[in-house]
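Input: a single structure, listed below in structure tokens.
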2 protein chains.
Amino acid sequence: MSTSHCKSSPTCEYCALSRNCTENINSTSAMQKVQVLTHKIYHKGDTLFCAGNAFNALYIMRSGSAKASTMTFEADEQIVDFYFPGDLLGTDGFAHKLHAHNVTFLETSSVCYISLNAVNALVAHSEVGRQQLLSTMSLNTLNQQQQLMNVHSMTSIQRLTRFLLDLSLKLAKRGLSSQQLTLSMTRIDIANYLGMAIETVSRLLTSMQQQGLIHVQRRQITLLNMPEMNKICLSDPFSQTAGEYDVMQHAMLRSATEYPLSGTNM
Amino acid sequence: MSTSHCKSSPTCEYCALSRNCTENINSTSAMQKVQVLTHKIYHKGDTLFCAGNAFNALYIMRSGSAKASTMTFEADEQIVDFYFPGDLLGTDGFAHKLHAHNVTFLETSSVCYISLNAVNALVAHSEVGRQQLLSTMSLNTLNQQQQLMNVHSMTSIQRLTRFLLDLSLKLAKRGLSSQQLTLSMTRIDIANYLGMAIETVSRLLTSMQQQGLIHVQRRQITLLNMPEMNKICLSDPFSQTAGEYDVMQHAMLRSATEYPLSGTNM
DNA sequence: CGACTGTTTGATGAAATTCAAGCACAGTGG
DNA sequence: CCACTGTGCTTGAATTTCATCAAACAGTCG
């Protein structure tokens, strides 16, 4: 199989997106170009790799979605990230030459492999490839820090709202509706990821629906009032001047955080 | 491989550690070898770089300590990391080609510069250098995730205890006493980093002192009962079998998390 | 000395968890 | 077709942790 395996279809040559693929999704384009890609299909509940597995390759999500988690010593799960088409996976393995995460698919998904040899060659010989890998890994850390900051400084309702808006943004970047979200993860996963009880997630979703901010039908969520949702995220619980800050600027910064290289690639 | 650089002098030629330099501190040795290093001294409160500054170099802490922080939209600080001798700084800049953090020194400190050109050359031409940079950056992300996990699953007392034990481990790895800690950061910094109120930090330290776990004298902390402190971190707030888990295994895992390459370098 | 930052301690309150119970939906098998 | 079972989700009531507010104290430095 080669890089041309998507060419003949209406889907994007490199990242299997149906449209709106004029910019790099998570900076993986150079890798995809340089490498001979092989891909494989997984189903809901399958694991791509587990903590402790040998670190042999990096992966790129082509379609579907997945979660990465670690296990605490008490053997309970902590979800650290969700992955969507175009995302690069597996860089957790560089630290110990073993994978540190479990990656589990949330639905039927397809994934490309890039062998470590290929990654090495790319990083050694391609300036762009090097930049993209380092940029993506740096960004991973920044995103985790952002997440940490959210837990420290935002209330539950703000975190959940932020989560929905982030998801909306990600899906929009991949050519899907920014208002109609189909959650591929359970409430348990969301609660785990955001560090709250499932009951809290459930209560907050109900409350948001009652306020007319969203419409909830099982895993289908419709965002009815995104400007107001943005305000909720920005409002300092302690200050009276809720929503006074520049929402557009905030949205732009968020966007820049997820797609840092768009400026350099266009 | 690179462990012989401590041989000839009482102070380490490369990382300014007085002793116990038989293993790589945070995997920066290859970088230090390849480069012609220049270093500079900073004082308490000085900044190495700020968010938005041009990304021109990476840095290695030689002595002293520093904190990295980001600013929220409400303009309050969130500390994301503390740095000690041997630590690599500045990889936050890869994401946007601008620094994302503010790095501020907590005491008089010295720092080495590695220009981006030098970093590029190293990564392109040295297999070991490449591994070390990628490993360090991967580890940064894993550590942030660990931190996130701690916030989600541990109580305040557990997080603070964990913080002290981690600090102890770091200092011990750098040849200092693992029992006698001199905090270079304020209570405010600690509270900010751990996501709690200063008052909580203060109360918990007092409480731990009353239980005979530690002795507190301003910034001087003495760890009096580290095994018990480990138990506190491990005990699930909900289970009755506190401290039943394998403390040694836990300590080893923690250690492995901070020093991933020690196994590959010895 | 007084102004300052950094820290401690107490009283109160709010946010979110835990415990407990029940509902909705999908798949299975009689 | 309908009970039966399991998973995922919702809702209510009581509890707990921790933050906030308020005040006072301890060292430091100009």
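Numbered from 1 within each chain, the chains take letters A, B, ... in sequence-line order.
D:dC18 atom C1' lies 19 Å from atom CE of A:Met154, rounded to whole Å. Atom CD1 in B:Ile157 sits roughly 18 Å away from atom P in D:dT16 (whole-Å rounding). A straight line from NZ of B:Lys44 to P of D:dT28 spans 10 Å, rounded to a whole angstrom. Summarising the geometry, the separation between CZ on A:Arg218 and C1' on C:dA26 is reported as 9 Å, rounded to the nearest angstrom. What separates CE of B:Met185 from C1' of C:dG6 is a distance of 15 Å, to the nearest Å. The nearest whole Å value for the distance from the NE2 atom in B:His152 to the C1' atom in D:dC18 is 16 Å. The distance from atom CD of B:Gln220 to atom C1' of C:dT7 is 16 Å, rounded to the nearest whole Å.
Taking both residues in full, the closest heavy atoms of A:Ser138 and B:Gly93 are given as OG-N, 4.3 Å, listed atom of the first, atom of the second, then distance. The shortest heavy-atom contact between B:Arg219 and B:Thr186 is NH2-CG2, 3.2 Å.
Taking A:Gln210 as the reference, A:Thr206 meet the side chain to side chain contact (heavy atoms under 4.5 Å, CB included) condition, with sequence neighbours excluded. By the side chain to side chain contact (heavy atoms under 4.5 Å, CB included) test, A:Thr161 is found to be paired with A:Ile157, A:Leu165, A:Met208, A:Met229, A:Ile232, A:Cys233, residues two or more places apart in sequence or in another chain being considered. With sequence neighbours excluded, no residue forms a ring-ring contact (aromatic ring centres under 6.0 Å, His included) with B:Tyr83.
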Kindly indicate, with the supporting measurements, whether the criterion side-chain hydrogen bond (donor to acceptor under 3.5 Å, both in side chains) is fulfilled by B:Ser65 and B:Glu107.
CA-CA 6 Å; B:Ser65 54; B:Glu107 59 192 311; 2.4 Å; yes

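Between A:Asp166 and A:Arg162, at least one side-chain nitrogen of the basic residue sits less than 4.0 Å from a carboxylate oxygen of the acidic one, meeting the salt-bridge criterion.
For the pairing with B:Leu148, the side-chain contact (heavy atoms from CB on, under 4.5 Å) check across B:Gln146, B:Gln144, B:His152 returns one residue only, B:His152. Here the rule is side chain to side chain donor-acceptor pair (under 3.5 Å) with A:Ser207, and of A:Gln211, A:Arg203, A:Gln209 only A:Gln211 fits it.
For B:Ser156, a side-chain nitrogen or oxygen approaches OP1 or OP2 of D:dC18 to under 4.0 Å. Regarding contacts with the backbone of C:dG6, every side-chain N or O of B:Arg219 stays at 4.0 angstrom or more from both OP1 and OP2.
Looking at B:Ile79 and B:Met185, their side chains never come closer than 4.5 Å, going by heavy atoms from C-beta outward.
Listed by residue number, A:Gly195, A:Met196, A:Ala197, A:Glu199 are the residues of residues 186-199 of chain A with a heavy-atom contact under 4.0 Å to DNA chain C. Within residues 200-216 of chain A, the residues approached by DNA chain D to less than 4.0 Å at the level of any non-hydrogen atom are A:Ser202, A:Arg203, A:Thr206, in residue-number order.
Among the heavy atoms of the strands, none lies under 4.0 Å from A:Arg159.
End-to-end axis angle of the helix from C:dC1-D:dG30 to C:dG30-D:dC1, using five pairs per end and rounding to 10°, comes to 30°.
Without hydrogens or angle criteria, B:Ser178 side chain to B:Ser168 main chain gives no donor-acceptor distance under 3.5 Å.
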